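Below: the structure, in structure tokens.
Per chain, numbering begins at 1; letters A, B, ... match sequence-line order. All values reported here derive from a predicted model rather than from experimental measurement.
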Number of protein chains: 2
Amino acid sequence: MSTTQTESRNDTRTRLLNAALQAFGSRDYDGVSTREIVEMADANISAISYHFENKQGLYHATVAYLSEILKAGMAEQLDSLEPWLKQASAEDCGEKACQFLGHFFEHILLGEVGKHAPGIIFREQNRPTEAYQILFETLLGPMHKTLAQLVAKYRGQSAQDPQVLYMVHSLLGQTVIFRIAQTTLLKILKQKKYSREDIKGIKHQLGTQCRAILDTQPITNHSDQ
Amino acid sequence: MSTTQTESRNDTRTRLLNAALQAFGSRDYDGVSTREIVEMADANISAISYHFENKQGLYHATVAYLSEILKAGMAEQLDSLEPWLKQASAEDCGEKACQFLGHFFEHILLGEVGKHAPGIIFREQNRPTEAYQILFETLLGPMHKTLAQLVAKYRGQSAQDPQVLYMVHSLLGQTVIFRIAQTTLLKILKQKKYSREDIKGIKHQLGTQCRAILDTQPITNHSDQ
DNA sequence: ACCATTCAATCAAACGTTTGATTTATGTTT
DNA sequence: AAACATAAATCAAACGTTTGATTGAATGGT
């Protein structure tokens, strides 16, 4: 069965996507030239317009591509959680949430993709393009939602409760900051890169803090309205 | 005393800086054209090379400009803290740290500068240029350091203790995430912008979590080596 | 008359995109 | 099976535009 055509098509196509991922991940959209990408991908200039219409099309496709990769990397954690959640105890949910964040931490810090992802993801958060929708639907949304369910069940609150959502956001924030603001922390630690002890220490610290946050008292609706 | 000359120089100079701050804050370095900046600043193209040598020079000056503005906004908090710290009780230090983060939160979310700062600051963290040094020395470093001193004193640890530094980093992370990943949280909340209750609720939540984190048990140096 | 500043005009280089020809694979007819 | 026709994919070359930068003249306060 000659898959040669499809293969060859996907070949330059994926070569372009990989090159674009690397390029867009480490530099601005406008800082990356199409010529640079095709050179990296060992393809011809017009391959971009042929496979993706234009540069923007390639960028959108790249974000979608990244979303899928990242999602796949978290899939085991994410998908298997939904059914597990129904028969889990509240106590288990708290522990699971901490574990999830721990895995997430390692994933973005040590993982292959974590190298290029942050630049793109932040850019889309800061200045959403059409590609943000994809990113949210396939990655950010599900992660947030799953985590919210865990937190909510552990604390006996609703997964739509703003307080829970704020908490989830915080938990993610204190995790990703070690990737986002890596440069600053390393400068303070007077190191060039995280040592093994750093990784271990931070992960432990995040776990401790996660549990402490989860155990804070739910706000009593003493509301003033 | 004829300040007119200096004034006029500073006039277009600062007009350029303000325009550049706005431009670089909302778009990539390469996404911003010099012509666009000078048009915003109502100046001539060659004003850039005259006042800042070239585009890069303008960018560096803009980062320095931003650093100063941000630092000034936090100066009351920051400078008055050093002397205060020496005669403060541990308990006070904990409370002060939480307060500081609260102010910081409002500053980056509601403040004028918070609109343009995140884009630049993140970009410099993710891909440091020469300008990062300025940013670190005048803003990021001092903030981290001050917070570390507060946390350390409250917890009876050293301000150089990695655990303290990790904790400070986390605390900052869970604060800035509400600005950085604003888009995502708003999408989850199904809102266009943070409501007054959101701001209030998040600030309260951050305070609670900050205290919970500060009160976690210091790691016993049960070290395995 | 001098100096700092602003201006319009101009430059080469790099940009994203398009073109028309060429090569490679697939399908059809004999 | 061989010859032809059609489509998919790649290629070098060129397009017009925009980019950051430079120039030398004009302006205005002292």
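- Between the CG atom of B/Asp28 and the P atom of C/dC15 there is a distance of 15 Å, rounded to whole Å.
- Using a 4.0 Å heavy-atom distance criterion, A/Ser33 is classed as a sugar-phosphate-only contact.
- For the pair B/Arg13 CZ and C/dT5 P, the interatomic distance rounds to 11 Å; values are reported in whole Å.
- Within a 6.0 Å radius of CD in B/Glu53, other residues, nucleotides and ligands contribute 12 heavy atoms or fewer.
- A residue-by-residue look at B/Ala47 and A/Thr34 shows that B/Ala47 has its nearest nucleotide of DNA chain C further toward the 5' end.
- Cation-pi geometry between B/Lys55 and B/Tyr29 is met: the NZ or CZ atom falls under 6.0 Å from the ring centre, inside 45° of the normal.
- If B/Asp42 and A/Tyr29 are placed on DNA chain C by their nearest nucleotide, the residue sitting closer to the 5' end is B/Asp42.
- Counting heavy atoms from C-beta outward, A/Gln133 and A/Glu137 have side chains that approach closer than 4.5 Å.
- A sub-4.0 Å separation between OP1 or OP2 of D/dT10 and a side-chain N or O of A/Thr12 is present.
- Distance B/Asp30 CG to D/dT19 C1': 10 Å, rounded to the nearest Å.
- Nucleic acid contact class of A/Val32 (heavy atoms, under 4.0 Å, all strands): sugar-phosphate only.
- A donor-acceptor contact under 3.5 angstrom links the side-chain atoms of A/Ser46 to the base of D/dC11.
- The shortest distance between the side-chain N/O atoms of B/His51 and the OP1/OP2 oxygens of C/dA4 is not below 4.0 Å.
- Atom P of nucleotide D/dT18 and atom NZ of B/Lys55 are separated by 15 Å, given to the nearest angstrom.
- A straight line from CD1 of B/Ile45 to P of D/dA25 spans 20 Å, rounded to a whole angstrom.
- Within a 6.0 Å sphere centred on CD of A/Glu39, heavy atoms belonging to other residues, nucleotides or ligands number 12 at most.
- One atom, CD1 of B/Ile48, and another, C1' of D/dT22, lie 13 Å apart when rounded to the nearest Å.
- The side-chain heavy atoms of A/Gln182 and A/Arg179, taken from C-beta on, include a pair separated by under 4.5 Å.
- One atom, CZ of A/Phe52, and another, P of D/dA9, lie 12 Å apart when rounded to the nearest Å.
- In this structure, CZ of B/Phe24 is placed 12 Å from C1' of D/dG20, rounded to the nearest angstrom.
- Picking from C/dA4, D/dA14, D/dT10 the nucleotide with the shortest atom distance to the side chain of B/Tyr50 gives C/dA4.
- Residue contacts shown for B/Asn44 include a base, since a base heavy atom lies under 4.0 Å away.
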